[in-house]
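These notes concern the structure reproduced below.
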Amino acid sequence: MKDLLKLLDLTREEIALILDTADRLKAERKSGEKHDFPSGKTLAMIFAKNSTRTRVSFETGIFQLGGQGIFLSSADSQLGRGEPIEDTARVLSRYCDAIMIRTFEQEEVERLAQYADVPVINGLTDFAHPCQVLADLMTVREHKGVLAGLNVCYIGDGNNMANSIIVGALKCGMNVAAACPAEYLPDITALDYAKTVTDADFTLTHDPSVAARDADVIFTDVWASMGQESEAEKRRAAFFGYCVDERIMSLAHPECMVQHCLPAHRGEEITAEVFEAHAAEIFDEAENRLHVQKAVMYLLMK
Ligand code: CP
Ligand code: NVA
């Protein structure tokens, strides 16, 4: 594993190694034990989109590992003036030990990795959000003890989160049921991957009630992702009936967890009541971004 570009690239064993390493680093952090990681490593962090969790958890994470994060907003670096990603990759590789990038097109991240000599980590594209879903898997495993055999439900837009949940959960042997409107389906590569899985079930439906039945964990995400703000009103209409509310929760397993990558829009994809009833799990999920990303940096940069 040189990079973390998308979960499709990882094996089940690699995902398990990341989660096990994250559990260990989390335990070390909680007990005040020193991490076994060489000091002085630097992580360049390119952001072409907004962020709270990803930026702060990566920057804190590399600091806790004894290194330094370097924040580069696309807007005020030379990327914003058109310097090619291929040149940026080769320059940053001469200074830094790894590069994290949050941008629009997955293809840009893949090109960055192709030209970089150091590991590249995808901090979200329109296609994928692998660090988030690794944190989600870590959180579900912490709460449920296992992953394989659990029923995962995703309700909402067939976006970066949907694509990564489908692939990540199926790779871990979890059954996945996704409910998305017909015009907002997950990416074809995630759906094609689902067809190849033999040890877990995949269901794609337009009916959230079908997807929620007997769920052990329900995921949702915003209806208009970053870059889609101008479509928000149209999307609100298209997603009518896709709110995770008490009725949806009543169809799930009584111990069903709720996960939301955040930020959340209460009253749209999730009600305030369901969000607050599951806030402990949702903020564990946010916390685990730190531990899982430290694990990814540990495994890629050590
Ligand atoms: N979930 C997530 O990636 O949050 P940020 O956009 O705040 O980084
Ligand atoms: N789907 C959302 C996730 C934010 C963490 C977006 O891309 O904006």
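All ligand and atom numbering here is 1-based and tracks the order in the structure. Remember, it's a predicted structure, so these values are computed and weren't measured experimentally.
Given atom 8 (O) of ligand 2, the protein heavy atom at minimum distance is Met226 N, 2.8 Å. Among protein heavy atoms, the minimum distance from atom 4 (O) of ligand 1 is reached at Arg53 NE, 2.8 Å. Looking only at heavy atoms of the protein, atom 6 (O) of ligand 1 is closest to Arg102 NH1, 2.8 Å. Among all protein heavy atoms, the one lying closest to atom 3 (C) of ligand 2 is Asp221 OD2, 3.7 Å.
Listed by atom number, the atoms of ligand 1 under 4.0 Å from Leu262 heavy atoms are 1 (N), 2 (C), 4 (O). Applying the 4.0 Å criterion to heavy atoms of Asn160 picks out, from ligand 2, the atoms 1 (N), 2 (C), 6 (C), 7 (O). With ligand atoms numbered from 1 in the order given, ligand 1 contributes 1 (N) to contacts under 4.0 Å with heavy atoms of Cys261. In summary, the atoms of ligand 2 found under 4.0 Å from a heavy atom of Leu262, numbered by their order in the structure, are 5 (C). Counting the atoms of ligand 1 from 1 in the order shown, those under 4.0 Å from a heavy atom of Thr52 are 5 (P), 7 (O), 8 (O).
Checking each of Lys294, Lys30, Arg29 against Glu287 for a salt bridge (charged side-chain N to carboxylate O under 4.0 Å, His left out) leaves exactly one that passes, namely Lys30.
More than 12 non-hydrogen atoms from other residues, nucleotides or ligands lie less than 6.0 angstrom from NZ of Lys2.
Here Lys49 has no heavy atoms under 4.0 Å from ligand 1, in either its backbone or its side chain. At a heavy-atom cutoff of 4.0 Å, ligand 2 is contacted by the side chain of Leu124 but not by its backbone.
For the pair Lys195 and Phe202, the cation-pi criterion (under 6.0 Å, within 45° of the ring axis) is not fulfilled. A cation-pi arrangement is present between Arg24 and Tyr298, with the terminal nitrogen or guanidinium carbon under 6.0 Å from the aromatic centre and inside a 45° cone about the axis.
For the pair Arg102 (side chain) and Asn50 (backbone), a donor-acceptor distance under 3.5 Å is present.
Considering only heavy atoms from C-beta on, Asp87 stays 4.5 Å or farther from Tyr115 through its side chain.
Between Asp187 and Lys6 there is no salt bridge, since no side-chain N of the basic residue sits under 4.0 Å from a carboxylate O of the acidic one.
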